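Below is one structure, written out as structure tokens; the observations come after it.
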Amino acid sequence: MSNEKDTFNVADLSSVLNEENRADLVNALKSKIQSLAGQHSDILESLSPNVRKRVEFLREIQGQHDELEAKFFEERAALEAKYQKLYQPLYTKRYDIVNGVTEVEEAAVNETTPDGGDDEEKGVPAFWLTAMKNNEVLAEEISERDEGALKFLKDIKWSRIENPKGFKLEFFFDTNPYFTNTVLTKTYHMIDEDEPILEKAIGTEIQWHPGKCLTQKILKKKPKKGSKNAKPITKTENCESFFNFFNPPQVPEDDEDIEEDAAEELQNQMEQDYDIGSTIRDKIIPHAVSWFTGEAIQGDEFGELEEDEDDEDIEEEDDDEEDDEEDEDDEDDEEENKTKKRSSASKKSGRAQLGEGQQGERPPECKQQ
């Protein structure tokens, strides 16, 4: 059994991942791998010659598996790139219809609104806002104040980046009274793309119009009575907003001085930030229409329901095991009571049964725990 210093655990990995300098990260991982290699050699040396030969052969099998896995990742990336190109024409058609660039032939007929006026609405108003609000993860991030700005959202795209590995989200906005940016981006740099290990995230700095910042609110406080300054005191505070997504949590350069609670909070914030980004990439962008109509909600709920049922099955199995144990205990108590009664009856009859030459019953043996 190796001691705690030699164990490659999650805490070690987290401390390594908090380094911003990739060179330091690589060196740290190399050092850890070398120490692990030392452990493996110690384990092999402790084995008998025959067992060691078998383990060496197993390692060759593992190596063959790893080579196949590497090819799988390569082919998966190529397949994904192929289908991303095939998706693009569909995304373009979706963009054109949502934003009123083109019209669906069946909908080209002039329609009237309930009040009798002509329906001059173009495209599908608040398409992306509605789609995102129907997703549980994103709905928690969107405040009522955000909705006005998100109605100007025209499209969301994502793409892979190669150096460093990761992906980028792009949010395209129409001209609006909230900010001057036409595109807001969020980029995720990954240490390992196949295993979602996040190094850092970078967001666009939003150029807010005066008095329109949605990530801050201005509080006005009346001066105290008798105060010389009659003007109200104004104070700016940060507030919850979807647009905080573009100002992601950052790991400080000198992370050694971070207290444990602060480090844990930072890690939770980064995990939540990645969860939002991956939800937009994997769910909202490819299935935006289903999220807009609400059909995707049922699919999500069905998946969660299956998970809940699995959890309930596990709980029921645990309950059944507990009931079985209780039944066994009850049976043991019953047998013990019967034995006591038989013993008492034998004493009262002067051991009459044994006296008649019959073999007496032995009390049941206690079950070994």
Side-chain angles (χ1 to χ4, degrees), residues 78-139 141-142 144-161 167-187 203-204 206-209 212 214 242-243 245-246 276-300:
L79 189 64
E80 186 180 75
K82 171 188 172 181
Y83 277 90
Q84 282 299 326
K85 288 181 180 179
L86 296 175
Y87 293 148
Q88 290 312 311
L90 302 178
Y91 292 156
T92 301
K93 288 181 181 179
R94 182 178 69 187
Y95 172 88
D96 289 344
I97 293 171
V98 165
N99 295 286
V101 177
T102 60
E103 184 58 275
V104 179
E105 290 182 8
E106 290 80 358
V109 183
N110 289 332
E111 296 182 358
T112 58
T113 57
D115 60 3
D118 290 336
D119 182 9
E120 296 181 356
E121 268 186 333
K122 290 186 176 181
V124 184
F127 175 81
W128 290 100
L129 169 62
T130 305
M132 291 195 295
K133 282 183 65 179
N134 280 336
N135 179 274
E136 188 177 5
V137 172
L138 301 181
E141 305 300 318
I142 299 172
E144 190 174 345
R145 297 172 71 228
D146 295 329
E147 294 187 13
L150 289 173
K151 287 179 181 178
F152 290 91
L153 181 56
K154 299 196 299 180
D155 200 10
I156 310 175
K157 296 181 179 181
W158 82 274
S159 58
R160 290 204 179 275
I161 57 174
F167 66 94
K168 179 173 70 173
L169 298 170
E170 294 177 292
F171 298 74
F172 296 84
F173 284 86
D174 204 349
T175 304
N176 64 81
Y178 295 91
F179 46 81
T180 60
N181 311 69
T182 56
V183 182
L184 299 179
T185 64
K186 181 68 172 287
T187 306
T204 299
I206 303 176
Q207 305 299 322
W208 297 101
H209 286 302
K212 293 292 185 177
L214 296 171
F242 171 78
F243 292 93
F245 177 66
F246 299 98
I276 296 168
S278 59
T279 297
I280 294 171
R281 178 193 65 182
D282 300 334
K283 293 187 176 183
I284 301 300
I285 294 176
H287 307 291
V289 177
S290 299
W291 283 106
F292 175 82
T293 60
E295 294 167 290
I297 302 173
Q298 298 173 4
D300 247 28

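Just so it is clear, the model here is predicted, and its values are computed rather than measured. Note that the numbering runs from 1 along the sequence shown for the chain.
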* pair Lys133-Leu150: side-chain heavy atoms closer than 4.5 Å -> no

* Counting only N and O atoms by type, is there a donor-acceptor contact under 3.5 Å from the side chain of Asn181 to the main-chain atoms of Leu184? -> no

* To do: Look up atom CD1 in Ile284 and atom OG1 in Thr279, then write down how far apart they are to the nearest 0.5 Å.
  => 7.5 Å

* Asked: Is there a donor-acceptor pair closer than 3.5 Å between any side-chain N or O of Lys186 and the backbone N or O of Phe245?
  -> yes

* Asked: Within 45° of the six-membered ring axis of Tyr91 and under 6.0 Å from that ring's centre, is NZ or CZ of Lys157 located there?
  -> no

* Shortest non-hydrogen separation from Ala288 to Ala131 and the atoms involved -> O-CB, 3.7 Å

* Stacked cation flag Lys154 on Phe172, 6.0 angstrom / 45 deg -> no

* To do: Looking only at non-hydrogen atoms, find the nearest pair between Asn134 and Ile297 and report the distance.
  => O-CG1, 3.4 Å

* Asked: Counting N and O atoms only, with roles assigned by atom type, does the side chain of Thr204 sit under 3.5 Å from a partner on the main chain of Thr185, one being a donor and the other an acceptor?
  -> yes

* Are any of the side-chain heavy atoms of Phe171 and Ile280 separated by less than 4.5 Å? -> yes

* Nearest heavy atoms of Leu129 and Glu147, plus distance in Å -> CD2-O, 3.7 Å

* To the nearest 0.5 angstrom, please state how far the CZ atom of Arg281 sits from the CD1 atom of Ile156. => 14.0 Å

* Asp96 side-chain N/O to Val101 backbone N/O, donor-acceptor pair under 3.5 Å -> no

* Asked: Relative to the ring of Trp208, is the ring of Phe243 parallel (under 30°), tilted (30 to 60°) or perpendicular (over 60°)?
  -> perpendicular

* Asked: Mind checking whether Asp155 and Trp128 have side chains closer than 4.5 Å, heavy atoms only?
  -> yes

* Looking at CG of Asn135 and CD1 of Ile142, how far apart are the two atoms once the value is rounded to the nearest 0.5 Å? -> 8.5 Å

* To do: Flag the pair Gln84 / Arg160 as yes when at least one side-chain heavy-atom distance between them is below 4.5 Å, and no otherwise.
  => no

* Donor-acceptor pair, Asp146 side chain versus Phe242 backbone, under 3.5 Å? -> yes

* Asked: ring-ring contact (aromatic ring centres under 6.0 Å, His included) between Phe173 and Tyr178: does it pass, once the steps are laid out?
  -> CA-CA 11 Å; Phe173 284 86; Tyr178 295 91; 9.5 Å; no

* Closest non-hydrogen atom pair between Pro125 and Gly123, with its separation -> CD-O, 3.6 Å

* Asked: CZ of Arg94 to CD1 of Ile285: how many Å apart, nearest 0.5 Å?
  -> 7.5 Å

* Structure fact -> Between Ala149 and Phe179 the two heavy atoms that sit nearest each other are CB-CE2, 4.4 Å

* Asked: Rounded to the nearest 0.5 Å, what separation is found between the CE atom of Met132 and the CZ atom of Phe127?
  -> 10.5 Å

* **Gap separating the OG1 atom of Thr187 from the CG atom of Leu169, nearest 0.5 angstrom** => 8.0 Å

* Side chains of Thr130 and Trp291: closer than 4.5 Å at any heavy-atom pair? -> no

* Structure fact -> All heavy atoms of Leu90 vs all of Leu86, minimum pair found to be CG-O, 4.3 Å

